[in-house]
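These notes concern the structure reproduced below.
Numbers for residues simply follow the sequence, beginning at 1.
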Amino acid sequence: MWTDKSLSERISTRSFIRYGLPVAGVAAVLVACHALTGFVGTTALYILVFPVIVYSALACGIGPSILVVLVALAGAKYWFIPPIHSFRVPDTAESISLLAFLLASSAVVAMGEARRRHNQRLQDGQVELEVRVQERTVELDTVNNSLRDLSARLLRLQDDERRRIARELHDSVGQLLAGLAMNLSAVRADIERLSKTAAALTDSEALVQEMNQEVRTISYLLHPPLLDEAGLASAVRWFIDGFAQRSKIRVDLDLPVDFGRFSPELETAIFRIVQECLTNIPRHSGSSIAKIRLLHRDGQVVVQVEDEGKGIPPEKREAMVSAGTPGVGIRGMRERIRQLGGALEITSNGAGTVVLARLPAIENSSIAEVPPISETSTAAA
């Protein structure tokens with residue numbers, strides 16, 4: 001924004017300058033040309049006066065411009081156009097020159113006035129814009145001051161609120177947290193004691209469950225309920241499945257579908273024979289496979305258990321043949337078979353052991369009058 005007024009503004013605000021400056025300029029041109037009479041003609045006069053008219057039209061307004069044109073015409077007619085020193089009508093050529101100068105000057109004055117008015121509107125718009133800018137600047141300064149005051153107030157309120165919240169937290173929540181920490185400490189001590197107790201209870205529960213499972217297993221092995229409820233076939237299959245899972249020994253069972261039911265004493269004896277033979281395999285034989293065959297033919301029940309292990313040692317086989325002192329398990333099998341009137345045959349070598357038992361098919365519990373079958377025991381080298 002300009003701080004000092006320009007020349008055009010000063011001219012437009014002072015009338016004597018608006019009129020006096022262009023008139024003085026035209027007068028100076030006329031005087032100079034008159035002094036150079038003989039060297040400067042009418043055409044040169046028009047050319048020299050024309051810039052003054054242009055300046056007057058652009059800077060001074062339509063009134064000074066018309067006055068300058070009239071002074072230039074009067075001076076040219078009086079000093080330069082014959083008859084000089086007279087205002088009589090000149091000849092046709094000079095009249096046409098004056099008329100052309102007048103038309104050209106009028107056109108310049110009209111264009112200059114239009115340009116001056118346009119510039120004036122621009123200046124008025126600029127002034128108005130500057131006024132509005134100043135007003136907006138003042139308003140913006142006021143708003144900025146209000147915002148600064150509001151920001152300062154908000155900061156003060158924020159600090160006050162933080163101070164109040166900090167005091168409240170310290171006075172109320174801090175005390176509550178301290179009490180809660182003490183309670184949690186006591187609870188943690190109780191939980192530690194309870195954790196030890198819970199661990200002991202968990203171990204005890206696991207031991208009870210394990211003992212229960214062992215008792216059930218021992219009970220089933222001592223006398224499986226399936227033997228009385230479902231018969232020998234179901235009990236043997238149940239025992240073989242459990243034995244295979246525990247020992248990882250494959251057991252092949254050959255049991256006819258129509259094997260049938262027998263007296264409880266006979267079914268118990270057959271089950272114990274199968275149980276004792278399979279139990280001896282992981283203990284003494286080391287075989288990975290066992291074969292069991294149960295047959296009912298010609299009034300007899302045939303039980304055959306075979307493995308592919310290392311067999312009975314030679315010294316033990318000789319003791320069994322010569323002295324007849326087998327192990328506890330074999331002695332128990334023979335005693336059961338003898339009570340039922342059956343026979344037991346054991347064949348063993350380096351390729352494995354075969355236990356073959358033949359028992360009479362007893363349909364009831366009366367076994368006293370059944371004649372015993374001859375018992376043989378052989379050992380193959």
Side-chain angles (χ1 to χ4, degrees), residues 132-230 234-251 253 271-272 274-290 309 328-329:
R132 291 184 179 180
V133 169
Q134 290 178 355
E135 293 176 354
R136 294 295 185 270
T137 303
V138 173
E139 294 177 358
L140 184 60
D141 291 339
T142 303
V143 172
N144 288 333
N145 292 329
S146 300
L147 288 176
R148 283 192 293 269
D149 294 340
L150 180 60
S151 298
R153 184 179 179 185
L154 288 176
L155 290 175
R156 288 194 300 273
L157 292 176
Q158 185 179 18
D159 293 337
D160 294 340
E161 186 67 15
R162 287 181 176 179
R163 190 178 299 107
R164 185 187 65 82
I165 294 175
R167 185 171 55 253
E168 292 293 334
L169 289 176
H170 180 270
D171 295 341
S172 61
V173 180
Q175 301 298 327
L176 295 176
L177 288 176
L180 182 60
M182 291 188 291
N183 292 336
L184 290 177
S185 178
V187 171
R188 182 178 62 183
D190 294 338
I191 288 176
E192 290 178 355
R193 292 193 295 270
L194 291 176
S195 298
K196 296 179 180 179
T197 305
L201 289 176
T202 302
D203 294 339
S204 300
E205 184 181 4
L207 291 175
V208 169
Q209 292 179 355
E210 185 176 356
M211 292 173 60
N212 185 31
Q213 186 65 30
E214 290 292 333
V215 170
R216 292 184 61 186
T217 302
I218 294 173
S219 175
Y220 286 162
L221 292 178
L222 288 175
H223 189 81
L226 287 176
L227 191 60
D228 296 332
E229 298 173 0
S234 298
V236 169
R237 290 191 181 93
W238 167 82
F239 178 76
I240 288 175
D241 291 339
F243 174 81
Q245 292 178 2
R246 293 189 299 271
S247 63
K248 309 302 179 183
I249 296 175
R250 195 187 72 185
V251 181
L253 176 62
F271 180 82
R272 295 306 178 191
V274 173
Q275 184 182 27
E276 182 65 27
C277 292
L278 290 180
T279 303
N280 287 331
I281 290 176
R283 290 180 181 176
H284 307 292
S285 173
S287 176
S288 61
I289 187 172
V328 177

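- How far CG of Asp160 is from CG of Leu155: 10.5 Å, rounded to the nearest 0.5 Å.
- Residue Ile249 comes nearest to Ala290 through the heavy atom pair CG2-N, 4.3 Å, listed as atom of the first residue, atom of the second, then distance.
- For Ser287, the side-chain contact (heavy atoms from CB on, under 4.5 Å) partners at least two apart in sequence or on another chain are Ile281, Ser285, Ile289, Asp307, Glu308.
- Taking the side chain as every heavy atom from C-beta outward, Gln158 and Leu154 never approach each other to under 4.5 Å.
- Ile240 CD1 to Gln245 CD: the interatomic distance, rounded to the nearest 0.5 Å, is 12.5 Å.
- In this structure, Leu180 CG and Ser185 OG are separated by 11.0 Å, a value rounded to the nearest 0.5 Å.
- Arg132 pairs by the side chain to side chain donor-acceptor pair (under 3.5 Å) definition with Glu128, not counting sequence neighbours.
- Although no hydrogens or angles enter the test, the distance criterion places a donor-acceptor pair under 3.5 Å between the side chain of Ser151 and the main chain of Leu147.
- Residue Val251 comes nearest to Phe243 through the heavy atom pair CG2-CD2, 3.8 Å, listed as atom of the first residue, atom of the second, then distance.
- When all heavy atoms of Phe239 and Leu278 are compared, the pair lying nearest together is CE2-CD1, 3.7 Å.
- Considering OG1 of Thr142 and CZ of Arg136, their distance stands at 12.0 Å, rounded to 0.5 Å.
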